[in-house]
Every structure is written in structure tokens, then in C-alpha cells.
Chemist: 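The structure follows.
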Amino acid sequence: MLYWYLVFNLIEKRILSAVSAHLQARYGSDLAVVLEQPKQASFGELAIPAAFQLAKSLRKAPRAIAAEIAAEIGAIEGVAGLEIAGNGYINVRFDRGVYADGLLRPPANAAVEQDSGKTIVEHTNINPNKAAHIGHLRNAVLGDTFVRMLRAAGHDVEVQNYIDNTGVQVADVVVGFHYLEHKTPAEVEALINAAQPFDFLCWDLYARTSSYYKDNKDALAWRSETLHAIESGTGEVCDLAHLVADAIVERHLKTMLRLNVMYDVLPRESEILHLQFWATAFELLKQRKAIYLETEGKNKGCWVMPAEAFNDNGGEEDSKVIVRSNGTVTYVGKDIAYQLWKFGLLGKDFYYRILQTYPNGHKLWVSTDQPSGDSPAFGKAARVYNVIDSRQSYLQDVVVAGLRALGFEDQAERSIHFSYEMVALSPRTCVQLGIELSEEDKKRPYIEVSGRKGLGVKADDLIDKLIETALVEVESRHADATPEECRAVAQQIAIGALRYFMLKFTRNSVIAFDFQEALSFEGETGPYVQYATVRARNIIQKLEARGEKLPDFANVLDKAAMARQLESEDAWQLLLAASKTDLAIERAIVSGDPAHLAKYAFQLAQAFNNFYHEYHVLNEENPEKRTFLLWMTDYFRSQLECTLGVLGIEAPPYM
RNA sequence: GGGCGCGUAGCUCAGUUGGAUAGAGCAUCAGCCUUCUAAGCUGAGGGUCGCUGGUUCGAGUCCAGCCGCGCCUACCA
């Protein structure tokens, strides 16, 4: 892993090693020293709780031990002083001048660690049979932000979006077109190019087909016929399926691009079938006895994985069917093959072609079953993150168990289910959408969405609504701007609001989606952070409009001057908050939750807003202070822009 | 029944490996725009951290047992 230079981290490390060495020499203790963030900023920058841990073995009061350590440890570079506090804390105060100087003039020898191989992040994975909804948005925004975090920290990341273009869900829409509406491929093609978005049309058709099955059980035969046709790879129904899936994938890619979400490659299930990925995996699984042919009971005739493989006390659990008694493979089976491929363990690869080139020049590849020239090397990862909601954790466990049963212990260990809770609807939003609720549902805190019932909020509808809401605000504030400019700004604000909303909740909390909350641009929201960034840039723009240039801070600000300016506790706290961006990114990666970075972004914006109100930068008369405040402004600006960038949020030119 | 998760202010949620006075936002109330944009800032009120016990110098955090809620537990994906 590559870390860019962290002044804070550097001082932290110095303290850690100094304290460890001292405890070893003085007490013969090999205690693992840790540092804490003091509860209150006024206590200092870091706290050492080591005295508490030593109290027992030394049979001494923590406070006395703390005093002893503080008195005897000696000087640590970058540390101005140590204080005893509470029952035995040692609070650390940084040398403010040294710290600021480190931020302004970072030493050249940045710590570099080698990345240990490629990381694959798989996210989005929407069934290509209907429009994307808010649940898919959570997946894509979480995945994309996690990718940005990893890349910011120097990781080599490959982004995959798996397309299940041969599954039941696609089949059901094909049933709708073919059997219910008697449409030919040519007629469906006309619909794809029609004014109404094709994925919206399919949203309704899918719901209609699903409800038709309910009243006409015989119609389920249409589904299996369609699935067989798709699997055979030929015929009108199969053509129809590809037509539908490809058109909807294109729509999904457009929707995701609106949110600044892009991919490297789309592995498709059709290729997993045609290139016999499953057949290869099946042989492996049989060979190594990871699955067996059930000879009795309800699963008679199926190839199953025993429950003990994926469940610690699997005695009571049913084994998991991998191959059905009719010889067809389940989704989990295909997923095991896919997971093996991701690690380069299958001994097979897809062929690839370029599907499209994004506006920024990035190329998106898609799997194909025909040799088609050069392509980047996909797959063969050292680590795999599957961004999939927690409802599928059972299936993810089975996939990992498959790897383990094949003897790929390391890869099983590095198969990470990046799980998150679902997005449901608040009862209030259901009412707004005209969804009728039963008395029972009304009492629930949230209502689960259902694509099958067509119950949910479409991603594009939500984005449009956000843009319209933002547009009203932008136009009311900038009467002089052109409609195109206003729209562009409104779009950035809308996406900022949406991405932040999807990130502000920790992964394992259910989001009860509420329009009123999601459409808010005030308080803890994306636009709040964007607004702070715009303000910081405005100060610098105003300066330049007055014919002044931003000083070359490294030449005009020395350590002593900064130390003088940082005698103000407020200024120091603000600088400290602003300097912790890298730390926040690193912690969010370690904890695996982008919500932590979103929280930091909000706190950073709060800090800047405090700065903005407390100091009037351009009117400052003291030259040294004015230069210093300009530096702080510029530093805040760059830190805010960096954080927003990692969150995938743009800062508009004005708000 | 089993697995996973949740329960913290009126509402929506944070709370790092146990640590100092449990925090935000929204909502409510009281203030702040001739000054770099008020999508902002300042202040006030608001808490039995679901319950009971345990571990220890110390528990919202760890352990056990309860209570309530959600999801999963398909030859669907």
C-alpha cells in the first residue's frame, strides 16, 4: 500500500516507538502501546493510556505511573509537551510550528509500501430486466466510493459489474414481450428506440408478468421454455433476451454515469455458460469431493454441498443444491466458477471487446465468447470484494465454502463479502407514491421494495427530482446565469446530495428511504460540503479579482510565523481538523465503511464554516496573519476538494 | 427452530481497539445578512444507551440470559 505523507501519522509513530522503548527499558514491559484521540480537543492532540494498562502489573496508581513516564521519557521530535490528566492519561501536545511546517513543506521521503497485488471490486450487478432503483444506487455508490478510497491509497483496483443476462428475471420480461404481448424482436427494437425509456417500460412489464404468473400457474412453463431457449443460444426468443438485456445494460450504464460511476469490465453470465466455465468448475468440485450426488430425500438426484461446509453448526441445516436434478446449474454454482476465475484459479478466461468509451476516455470492456484481439489482463486478483446486500450473505458463504472445499484457503480468506443492509421505503414515502399499505405495514418502520411487484423508487426518477429541486434553488440565487449553467450546477448538487445520502448511513443500517430527507440540501448533506468548498474557492477568486495573486506560501511563511499564528487555539484546532484527510481515508479503508469518510467530509466542512465566520480573510490588516489565513483557506480548499473527489462528488463553480 | 443484523434525544443516525462531561443532523425555541454567498453561523431545551446479571480500576462498547424488530434459511437470482 502506498501512503502519501502524513504529518500526523509520522508524529504518532514517533510517539509510539518512543513510549514502547521507554516502557521496555524502564519497566521491562513489552506492552503494545496504543494512542487515543482525546475526548475533548482542549486535552491535546493525542492521549497515551499506557499507565492504566501498567497499573495492575506494577501495583501502582495509574496517575503516579503516568507522571513517572512523562517526567522520564525525554524529548520527542514534533511534541511540545506531555501532561498528566484524569486518572492517569498522558496527553500529548504537538509543536504547532513544526506540524504546520510539515504540512506546508512535506519532506520528500514519503513512506511507500508496495501494493500486494490487484484488488477486484465487484459492484452494481443489476439484473438487466428493468430500471435501476434506489437499492441499486446504494450498492453502486458504496462500491464506487470504496474503489475511490482504495485508489486514493495507491491500490491497483479493477472494477467489475457482473451482468446476469441469462437468468430468470430477464426471462420473465421476455415472456412478457413474447407470450403476453406477442411482440417480434423487430417490434421490441422499435420500443428500445422509442421516447419512453426502455428500462422504465420493462419495469412495468416485469411487474405485469409476475402478477400474471400468480393467476395463471401454467404460464410458468413459458418461463422454463424461455430459459431453455436462452441457454441454447439460438432462436427468436434467445435473440429477444439479448436484445432486452443489452438495451437495459446500456440504460443502467447511463444512469450510473450520471452518478460518476464507471466500470472497467462487464463479465456476463452468457459467456460463463458458453465458455463452459461451469463445466470446468463442476469437474473441480466433483474431483475434490466438495459436492456429492444426493441419493435420497427431497434433494435426491441433485449435486449438493453439505451444510457443514458453510455453516459451523450445520447439523440442522439443509445442504445447498448446486446442480438441480434436471442437470441445470444454480446461480451459486455459476458464482463459484466466477469467483474462481476472479482469482485466476479456473484455468480459463473470457474474451473481451470494448463496449464503450466513457466521455473521459476510459474504456469499458465486456466479455465475449469469440477471440477478438488484445485486451487488458482482467481477473487474477489477490483480493476480491463483492458488494452485495446482506440478504445474500448465505449464498456468499456458500461461494467461499466452495473455494475452501477446493483447497483454496488463502483465496477464501481474501474473498470479502462487502455487505450492506437494504434500502426500504419509509411509510410516508409509500403514501406519497400512492402505494397502499395494510394496517400491519403502517406500523412498520419501513417497507421493503419489490421489483417483482414494481414497488419502489426508480433511480432516474429520483435523480431527476433532485435536479429539479436543486434547480429551483440555483435559479433563485443566480438570476444572471444562463439556463444551461444553472442546470449543470443543479446536476452537480443533486448528485452530491444523492451520493452523500447513500453514504451517510453505516453499511449495516437499513435505510428507510424518505423523499423529504433525501431531497434536503441542508445540514449533514452533500451540498453542505460542496457549499463550504465553493466558499473557500470564492475567497481566492475574490482575491484574484482584486488583482492580487495567491502568495507562494512555502516561500513567504516560515515556521516561526506559523507558530505565532497558531497560538490561537481556534486556528490550531481548525488546521488540525483540515490536516486529517489522509487519516480519515485510511481509517475508512481499514474499517471498510465509506460512511466514516462521509462523516469526516461533513466535519471538515463544519470546521471550514467555523473558520469562514471567525476570520474575515481578505479584510485582515496584519500582513503576516492575512498570509497565514490565505494559506489556511487554500489548504482547506484542497482538502475539501480531495475528500469530495474520493466520495465521487464534484464541487460546482458556484452555488 | 437455526444464521446474520438492529435497538442510543421527539425523528433519522454517529459513537474507532473498553477510558475523561454519550455526540451530530432534522424538528422546536431565541438570536445573526450595508462585511470573502444565510444551502451558512451562534445559543437553548431535549438521554433509564431495550431489560437483567456478569467480567474490571473503568462498560453504550466485552460476556451470558431475556424482550422487541428486520432480513436470510428455494431444485429463484
Side-chain angles (χ1 to χ4, degrees), chain A residues 32 34 36-40 43 47 49 52 55-56 61-62 85-89 91 125 127 164 167-170 223 269 298-304 307 310-318 320-326 328 330-332 334-335 389-395 397 419 421-422 424 426 444-446 448 452 470 473-474 477-478 493 497 504-506 508-512 514 516-517 520-525 527-528 530-532 534-536 538-543 587 590-591 593 595-596 599 602-603 605-606 609-610 612-619 633 654-655:
Chain A
V34 292
E36 284 174 16
Q37 223 36 245
K39 277 278 179 215
Q40 282 182 46
F43 290 159
F52 293 109
K56 203 166 193 181
N87 286 329
Y89 279 101
N91 288 338
N125 300 9
N127 275 310
D164 181 5
V168 174
Q169 305 219 25
V170 170
R223 176 194 275 174
E269 185 151 279
K298 61 172 184 169
N299 291 336
K300 187 177 177 184
C302 297
W303 285 88
V304 301
F310 52 88
N311 195 327
D312 289 340
N313 54 344
E316 309 264 318
E317 288 291 312
D318 286 349
K320 178 67 195 168
V321 172
I322 306 295
V323 179
R324 304 183 185 97
S325 54
N326 67 4
T328 58
T330 60
Y331 171 78
V332 195
K334 284 178 274 194
D335 219 17
D389 78 66
S390 62
R391 285 172 291 192
Q392 298 200 44
S393 61
Y394 166 70
L395 295 173
D397 288 347
S419 77
E421 273 290 348
M422 62 178 168
S426 75
R444 294 171 190 269
Y446 48 78
E448 195 173 352
R452 217 163 261 287
E473 295 288 325
V474 176
R477 286 153 214 250
H478 301 281
I493 293 169
K504 73 190 282 192
F505 305 91
T506 50
N508 47 15
S509 117
V510 175
I511 299 181
D514 186 81
Q516 197 166 312
E517 235 182 288
S520 165
F521 300 149
E522 286 165 21
E524 196 192 340
T525 66
Y528 178 93
Q530 290 173 310
Y531 189 66
V534 167
R535 280 177 146 185
N538 276 354
I539 295 175
I540 294 160
Q541 272 171 25
K542 192 99 172 185
L543 179 86
R587 284 183 184 174
V590 170
S591 69
D593 206 330
H596 294 149
K599 185 68 85 182
F602 174 62
Q603 286 164 349
Q606 263 185 330
N609 277 328
N610 288 332
Y612 187 89
H613 283 272
E614 196 171 340
Y615 302 98
H616 204 280
V617 180
L618 297 181
N619 287 359
T633 305
Y654 54 82
M655 281 180 77

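Just so you know, these numbers come straight off a predicted model, no measurement behind them. Naming: A, B, ... by sequence-line order, numbering from 1 per chain.
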Chemist: For A/A47, report the nucleic acid contact type (base, sugar-phosphate, nothing); a contact means any heavy atom under 4.0 Å.
Modeler: base
Chemist: Select base, sugar-phosphate, or nothing to describe what A/N127 touches, counting heavy atoms under 4.0 Å on all strands.
Modeler: sugar-phosphate
Chemist: Would you please determine if the base of B/A24 is stacked by A/F602, with stacking meaning a centroid separation under 5.5 angstrom and planes under 30 degrees?
Modeler: no
Chemist: One thing to verify: whether A/E421 and A/R391 come together as a salt bridge, which I'm taking to mean a side-chain N less than 4.0 angstrom from a carboxylate O.
Modeler: no
Chemist: For residues A/S520 and A/T525, report the shortest heavy-atom separation together with the two atoms involved.
Modeler: O-CG2, 3.5 Å
Chemist: Distance check needed: B/U37 C1' versus A/I540 CD1, whole Å only.
Modeler: 15 Å
Chemist: Determine the minimum heavy-atom distance between A/A497 and A/F521, stating which atoms define it.
Modeler: CB-CE2, 3.6 Å
Chemist: Determine the interatomic distance between C1' on B/G60 and the same-named atom on B/A14; round to the nearest Å.
Modeler: 12 Å
Chemist: Starting the side chain at C-beta, find the nucleotide from B/C72, B/A77, B/U35 nearest to A/E448.
Modeler: B/C72
Chemist: Is there a donor on the side chain of A/S325 or the base of B/C75 sitting less than 3.5 Å from an acceptor on the other?
Modeler: yes
Chemist: Determine which nucleotide pairs with B/C11, using a 3.5 Å limit on both distances of a Watson-Crick or G-U wobble pair.
Modeler: B/G25
Chemist: Check whether any side-chain N or O of A/Y331 sits under 4.0 Å from OP1 or OP2 of B/A77, and answer yes or no.
Modeler: no
Chemist: Could you tell me whether A/K504 and A/E517 have a side-chain N and a carboxylate O separated by less than 4.0 Å?
Modeler: no
Chemist: So what's B/U42 paired with, Watson-Crick or G-U wobble, going by both distances under 3.5 Å?
Modeler: B/A30
Chemist: Heavy atoms only, 4.0 Å cut-off, all strands: where does A/V332 land among base, sugar-phosphate and nothing?
Modeler: nothing
Chemist: Taking C-beta and beyond as the side chain, do A/V304 and A/I322 meet within less than 4.5 Å on heavy atoms?
Modeler: no
Chemist: Could you measure between the two P atoms, the one in B/A9 and the one in B/A22, and give it in whole Å?
Modeler: 15 Å
Chemist: If you only use heavy atoms from C-beta on, which nucleotide in B/U37, B/C76, B/G70 is closest to the side chain of A/R444?
Modeler: B/G70
Chemist: Using the P atom in both, what is the distance from B/U42 to B/G3, to the nearest Å?
Modeler: 48 Å
Chemist: Any donor-acceptor pair under 3.5 Å between the side chain of A/N91 and the base of B/A20?
Modeler: yes
Chemist: If we only count heavy atoms from C-beta on, is the A/M655 to A/I493 side-chain gap below 4.5 Å?
Modeler: yes
Chemist: Counting any heavy atom closer than 4.0 Å, what does A/A536 reach on the DNA or RNA strands: base, sugar-phosphate only, or nothing?
Modeler: nothing
Chemist: Is the shortest heavy-atom distance from the side chain of A/N508 to the side chain of A/S390 under 4.5 Å?
Modeler: no
Chemist: If a protein heavy atom is under 4.0 Å from the base, mark B; if only from the sugar-phosphate, S; if neither, -; do that for nucleotides 5-18 of chain B going 5' to 3'.
Modeler: SS-----SSSSBB-
Chemist: Take the angle between the ring planes of A/H478 and A/Y654 and call it parallel below 30°, perpendicular above 60°, tilted in between.
Modeler: tilted
Chemist: What is the distance from NE2 of A/H616 to C1' of B/U37, rounded to the nearest Å?
Modeler: 11 Å
Chemist: How far, in whole Å, is B/C62 from B/U17 if one measures between their C1' atoms?
Modeler: 12 Å
Chemist: Side chain of A/V474: nearest nucleotide among B/A39, B/C76, B/C57?
Modeler: B/A39
Chemist: Atom CZ of A/F521 to atom C1' of B/C26: distance rounded to whole Å?
Modeler: 15 Å
Chemist: Please give the distance between the C1' atoms of B/C32 and B/G5 as a whole number of Å.
Modeler: 45 Å
Chemist: What is the distance from OH of A/Y528 to P of B/A39, rounded to the nearest Å?
Modeler: 12 Å
Chemist: NA contact type, A/N610, heavy-atom cut-off 4.0 Å: base, sugar-phosphate, or nothing?
Modeler: sugar-phosphate
Chemist: Pick base, sugar-phosphate or nothing for A/L543, based on heavy-atom distances below 4.0 Å to the nucleic acid.
Modeler: nothing
Chemist: Between B/C76 atom C1' and A/Y394 atom OH, what is the distance in whole Å?
Modeler: 13 Å
Chemist: Tell me what A/V170 touches on the nucleic acid: a base, only sugar-phosphate, or nothing, going by heavy atoms under 4.0 Å.
Modeler: nothing
Chemist: Taking the same atom, C1', in B/C57 and in B/C66, what whole-Å distance lies between them?
Modeler: 29 Å
Chemist: When we call it a touch if two heavy atoms are under 4.0 Å apart, what does A/R477 touch: a base, just sugar-phosphate, or nothing?
Modeler: base
Chemist: Could you check how far CD of A/E522 sits from P of B/A38, rounded to whole Å?
Modeler: 13 Å
Chemist: Establish, with yes or no, whether the OP1 or OP2 oxygen of B/U37 is under 4.0 angstrom from a side-chain nitrogen or oxygen of A/N538.
Modeler: yes
Chemist: For the C1' atoms, the ones on B/A20 and on B/G15, what distance do you get once it is rounded to whole angstrom?
Modeler: 15 Å
Chemist: Does the ring center of A/F310 lie less than 6.0 Å from the ring center of A/Y394?
Modeler: yes
Chemist: Taking only the side-chain heavy atoms of A/M422 (C-beta and beyond), determine which of B/C36, B/G70, B/C76 contains the nearest atom.
Modeler: B/G70
Chemist: Before you tell me yes or no, could you show the steps for A/S591 and A/R587 under side-chain hydrogen bond (donor to acceptor under 3.5 Å, both in side chains), namely the whole-Å CA-CA distance, both residues' side-chain angles and the distance that decides it to 0.1 Å?
Modeler: CA-CA 6 Å; A/S591 69; A/R587 284 183 184 174; over 6 Å; no
Chemist: Between B/G23 and B/C49, how far is it from one C1' atom to the other, in whole Å?
Modeler: 12 Å
Chemist: In terms of side-chain heavy atoms of A/V168, which of B/C36, B/A39, B/C76 is nearest?
Modeler: B/C76
Chemist: How close or far is atom C1' of B/C75 from atom CH2 of A/W303, stated in whole angstroms?
Modeler: 15 Å
Chemist: Mapping A/K334 and A/E473 onto RNA chain B by nearest heavy atom, which one lands closer to the 5' end?
Modeler: A/E473
Chemist: Give the rounded distance in Å between these two atoms: CZ of A/R324 and P of B/A74.
Modeler: 14 Å
Chemist: Which way is the base of B/C33 turned, syn or anti, if we draw the line at 90° from 0?
Modeler: syn
Chemist: Give none if B/C62 has no partner; otherwise give the nucleotide forming a Watson-Crick or G-U wobble pair with it, both distances under 3.5 Å.
Modeler: B/G54
Chemist: Check this one for me: any side-chain N or O of A/R535 less than 4.0 Å away from OP1 or OP2 of B/A39?
Modeler: no
Chemist: Between B/C75, B/C36, B/A20, which one does the side chain of A/Y612 approach most closely?
Modeler: B/C36
Chemist: Does B/G70 have a Watson-Crick or wobble mate here (both distances under 3.5 Å), and if so which one?
Modeler: B/C4
Chemist: Using side-chain heavy atoms (C-beta onward) and a distance below 4.5 Å, is A/N609 in contact with A/Y528?
Modeler: yes
